[in-house]
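Residue indices begin at 1 and follow the sequence shown.
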Amino acid sequence: KESESIMGSVLGIVKGGWAQVASVLATTISFKWFTNINSEMENFKLQIDVMLKDAEKSKKAMAEFKEYADKTPFTTPDVVNAGKSLISAQIDDYQKFLKLSGDWAAATGKNITEVTSVFARVQSGQFGEAVERMRELNISSADLLAQGIRMSKNNEVLSTADEMMSALENIINTRFGGMNEKMGNSW
């Protein structure tokens, strides 16, 4: 009987010890995760400060990104990174193109940063790479031609970046418009 009692006490201590270890581990992991997120967000803000050359505009952009992320199926870091990509590509109306990217990404099941890279490529004149990514994201050369985009026999884009951006805007609004808000409200 005495050995059973001692064994029961030892098992109780071990069980309690594992619970304490698990609790400390969970707290440590949570703290590290929150610290990493905060650090990442601070880095994003600093990068956007430099790109916009105005701390107030940067603060406003970060608030817009967070508000947008809260209404959509995308995480705040993903939305901020996507917005940063548009800003770094010198897309002045980055809010509009962020929303277009969100609709397109939500419709195709892709990450929003993958989609914003298409707009960044178009803006910088990298049409070949942009068109290839569009195909992977369910927008074809035929869709572009239907929007008046001029292409050579080899499918090289002959239109301007502004014409391409406008064509993409029309295609996305027609085909995928409002998708991210609908999906964001369903989660």
Side-chain angles (χ1 to χ4, degrees), residues 36-127 129-140 143-144 146-149 157 159-187:
N36 287 345
I37 291 289
N38 287 335
S39 175
E40 183 178 26
M41 295 307 285
E42 184 60 28
N43 286 339
F44 283 149
K45 185 184 178 316
L46 291 172
Q47 291 166 337
I48 293 170
D49 281 352
V50 170
M51 286 184 251
L52 291 177
K53 311 249 185 283
D54 184 328
E56 282 305 309
K57 284 183 182 178
S58 175
K59 184 177 179 181
K60 181 182 176 205
M62 290 294 288
E64 291 169 345
F65 296 152
K66 178 165 181 4
E67 181 182 336
Y68 179 72
D70 290 345
K71 296 177 186 175
T72 66
F74 308 109
T75 67
T76 300
D78 283 344
V79 169
V80 172
N81 202 27
K84 184 182 75 163
S85 173
L86 294 169
I87 291 169
S88 70
Q90 300 179 340
I91 296 173
D92 293 329
D93 197 356
Y94 62 85
Q95 299 97 331
K96 175 175 79 173
F97 286 97
L98 182 66
K99 290 178 182 170
L100 289 167
S101 296
D103 285 338
W104 195 5
T108 58
K110 300 294 183 183
N111 186 297
I112 191 168
T113 57
E114 288 181 58
V115 175
T116 56
S117 71
V118 173
F119 288 113
R121 285 184 173 117
V122 168
Q123 182 72 10
S124 68
Q126 298 174 352
F127 297 139
E129 291 176 29
V131 170
E132 184 59 35
R133 287 295 298 142
M134 285 179 219
R135 284 187 198 116
E136 294 168 9
L137 296 166
N138 302 325
I139 293 180
S140 68
D143 295 325
L144 295 171
Q147 291 294 315
I149 297 300
V157 174
S159 296
T160 67
D162 287 341
E163 291 168 332
M164 284 285 287
M165 296 291 263
S166 180
L168 279 172
E169 181 180 357
N170 290 336
I171 294 166
I172 293 165
N173 279 331
T174 301
R175 202 180 289 170
F176 312 124
M179 181 68 76
N180 63 37
E181 282 88 3
K182 286 181 183 178
M183 289 183 74
N185 291 332
S186 69
W187 289 25

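Residues Gln123 and Ala89 share a closest heavy-atom pair of CG-O, 3.1 Å. Nearest approach of Ser88 to Ser85, heavy atoms of both residues: OG-O, 3.0 Å. Of all heavy-atom pairs between Ala105 and Phe74, the closest is CB-CZ, 3.8 Å. Nearest heavy atoms, Phe176 versus Ala107: CD2-CB, 3.2 Å. Annotation for Ala120 and Ile91: closest pair N-CD1, 4.3 Å, computed over non-hydrogen atoms. The two residues Ala82 and Thr113 have their closest heavy-atom pair at N-CG2, 3.6 Å.
With sequence neighbours left out, Lys96 forms a side-chain contact (heavy atoms from CB on, under 4.5 Å) with Asp93, Leu100, Glu169. Shown here are the side-chain contact (heavy atoms from CB on, under 4.5 Å) partners of Glu129, two or more places apart in sequence or in another chain: Arg121, Gln126. Residues meeting the side-chain hydrogen bond (donor to acceptor under 3.5 Å, both in side chains) test with Gln90, sequence neighbours left out: none. Scored by the ring pair (Phe, Tyr, Trp, His ring centres under 6.0 Å) test, Phe97 finds Phe119 as partners (sequence neighbours excluded). Every residue two or more places apart in sequence or in another chain that forms a side-chain hydrogen bond (donor to acceptor under 3.5 Å, both in side chains) with Gln147 is listed here: Asn170. Applying the side-chain hydrogen bond (donor to acceptor under 3.5 Å, both in side chains) criterion to Arg175, with sequence neighbours excluded, gives Asp143. Thr160 meets the side-chain contact (heavy atoms from CB on, under 4.5 Å) test with Asp162, Glu163; sequence neighbours excluded. Under the side-chain contact (heavy atoms from CB on, under 4.5 Å) criterion, Asn138 pairs with Thr108, not counting sequence neighbours. Listed by chain and number, the residues in a side-chain hydrogen bond (donor to acceptor under 3.5 Å, both in side chains) with Thr75 are Asp78 (sequence neighbours excluded).
Note on residues 98-120: pairs passing salt bridge (charged side-chain N to carboxylate O under 4.0 Å, His left out), not counting sequence neighbours, are Glu114-Arg133.
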For this session: Check the pair Glu56 / Lys60 against salt bridge (Lys or Arg N to Asp or Glu O under 4.0 Å), numbers first and verdict last.
Result: CA-CA 6 Å; Glu56 282 305 309; Lys60 181 182 176 205; over 6 Å; no
For this session: Output, in order, the C-alpha distance, side-chain angles, deciding distance and verdict of side-chain contact (heavy atoms from CB on, under 4.5 Å) for Trp104 and Ile171.
Result: CA-CA 10 Å; Trp104 195 5; Ile171 294 166; over 6 Å; no
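Using a 4.5 Å cut-off on side-chain heavy atoms (C-beta onward), Thr116 and Tyr94 make no contact. Side chains of Met164 and Val131 form a contact here, defined as non-hydrogen atoms less than 4.5 Å apart.
Atom-to-atom distance recorded for Thr72:OG1 and Met179:CE is 13.5 Å, nearest 0.5 angstrom. To the nearest 0.5 Å, the span separating CE on Met134 from CD on Glu132 amounts to 10.5 Å. Distance check: Ile149 CD1 to Phe127 CZ gives 8.0 Å after rounding to the nearest 0.5 Å. Atoms CG and OG, from Leu86 and Ser101 in turn, are 5.5 Å apart once rounded to the nearest 0.5 Å.
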